[in-house]
Amino acid sequence: MINIIIIDNNNITIRGFEAIFSRHSRYKTIASFPSIQQVITWNRNQKANIILISSVKLQYDSLKTLQTLRRTQPDVGIIIYNVRNNYAFFLKALDIGIFGLLSVHVTEEDLIEAIRVVNVKRRIISPDIAQDLALHRLDYSHQKDLCDLLSGRELEIMLMITKGMPIKVVAEALSLSPKTVNTYRYRMFSKLNIGSDVELTHIAIGYGLITAKQGLSEWQNSSSQKRS
């Protein structure tokens, strides 16, 4: 029996997975959670074989949580599904030991095969994203890893700023003072050798943390809020 945990907050998706696994006698969903953090504690005793994680639930700062999961539960196979763009993140996920990446186009047969492959500790990547990942690794192989350059808190603040959130809003969300947020912000500028939030956004786009379209629309929204 292959015991599976699903990390997703979409009940329709979870019910769909459960329906698929009910048609295959060796596959069983034993739990579902909305976030990775809950799984780390719960699975220490339950010992699932496979964890399926929706890419929607992952941000760049989720890498440290995934590293903790890999370190504390090395025998669990992790598969990320619904993969689309943000290839810098998924390349790093592969580097830390994620076994499977499945695109939005996988069939039921693809899913079952991926679980079978990962359960014997082999890696599998959907063909329609494998080439894009390889090209992205080639294009950005000269860049330093943001996880090595920035702290977890700095990455968190970087993501919020590049999504157009004003400093005051970032401070409130993180229970920090605006002065402390700005201290982190200028520390990032120094580490990345830049001088503005626009350059920070360009770096986020370059690393695949946000898309160019997101960066433009979010900065337009941020500018509108400042004018109003």
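Atom set for the values below is all heavy atoms of this structure, side chains included, hydrogens, waters and symmetry mates excluded.
Annotation for K47: atom NZ counts as buried by contact number, over 12 foreign heavy atoms lying within 6.0 Å.
I80 and V83 make their closest contact through O-CG2, 3.7 Å (heavy atoms, listed as atom of the first residue, atom of the second, distance). The nearest pair of heavy atoms linking G77 to V118 is CA-CG1, 3.6 Å. Closest approach of M1 and S25 over heavy atoms only: CE-O, 3.5 Å. Between E108 and I20, the shortest heavy-atom distance links the atoms CG-CG2, 3.6 Å.
Although no hydrogens or angles enter the test, the distance criterion places no donor-acceptor pair under 3.5 Å between the side chain of N119 and the main chain of R116. Judged by distance alone, with hydrogens and angles left aside, the side-chain atoms of T162 form a donor-acceptor pair with the main-chain N or O of L159 at under 3.5 Å. Looking at E199, its side chain does come within 3.5 Å of a backbone N or O of G195 through a donor-acceptor pair. Remark: side-chain polar atoms of S103 are paired, donor with acceptor, to backbone N or O of H105 under 3.5 angstrom. At least one donor-acceptor pair under 3.5 Å links the side chain of K121 to the backbone N or O of D75. Q73 places a side-chain N or O within donor-acceptor distance of the main-chain N or O of I40, the cut-off being under 3.5 Å. Remark: side-chain polar atoms of N3 are not paired, donor with acceptor, to backbone N or O of N49 under 3.5 angstrom.
Interatomic distance, R123 CZ to L94 CG, rounded to the nearest 0.5 Å: 4.5 Å. Taking CD1 of I79 as the reference point, atom CD1 of I4 lies at 8.0 Å (rounded to 0.5 Å). Atoms CZ and CD1, from F21 and I50 in turn, are 9.5 Å apart once rounded to the nearest 0.5 Å. Q38 contributes atom CD, which lies 9.5 Å from atom OG of S32 (distance to the nearest 0.5 angstrom). Taking CD1 of I36 as the reference point, atom CD1 of I53 lies at 4.5 Å (rounded to 0.5 Å). Within the model, atoms CD of E156 and CG of L150 stand 12.5 Å from one another, a figure rounded to the nearest 0.5 Å.
Looking at W42 and I30, their side chains come closer than 4.5 Å, going by heavy atoms from C-beta outward. A heavy-atom distance below 4.5 Å is not found between the side chains of L174 and T180. Looking at heavy atoms from C-beta onward, D110 lies out of side-chain contact with L102 at the 4.5 angstrom threshold. Contact check for L149 versus L192: side-chain heavy atoms found under the 4.5 Å cut-off. Using a 4.5 Å heavy-atom cutoff, the side chains of L176 and R153 are in contact.
If you check the side chains of N182 and R185, you find a donor sitting under 3.5 Å from an acceptor.
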Quiz prompt | Stepwise side chain to side chain contact (heavy atoms under 4.5 Å, CB included) check, M165 with E172 | solution = CA-CA 11 Å; M165 293 178 65; E172 291 173 352; over 6 Å; no
Exercise. Could you go through the side chain to side chain contact (heavy atoms under 4.5 Å, CB included) check for N82 and T13 one step at a time?
Key: CA-CA 11 Å; N82 278 350; T13 300; 5.6 Å; no
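Relative orientation of the Y81 and F17 rings is perpendicular, given thresholds of 30° and 60° on the angle between their planes.
Hydrophobic clustering (ILVMFWY, side-chain heavy atoms < 4.5 Å, transitive): V170 and Y186 are in one cluster. Both F99 and Y27 are members of a single hydrophobic cluster when ILVMFWY side chains are connected at heavy-atom separations under 4.5 Å. A chain of hydrophobic side-chain contacts below 4.5 Å, direct or via other Ile, Leu, Val, Met, Phe, Trp or Tyr residues, connects L111 to I14. Under the 4.5 Å side-chain heavy-atom criterion for ILVMFWY residues, a single connected hydrophobic cluster contains both V169 and L155. Under the 4.5 Å side-chain heavy-atom criterion for ILVMFWY residues, a single connected hydrophobic cluster contains both I203 and Y184.
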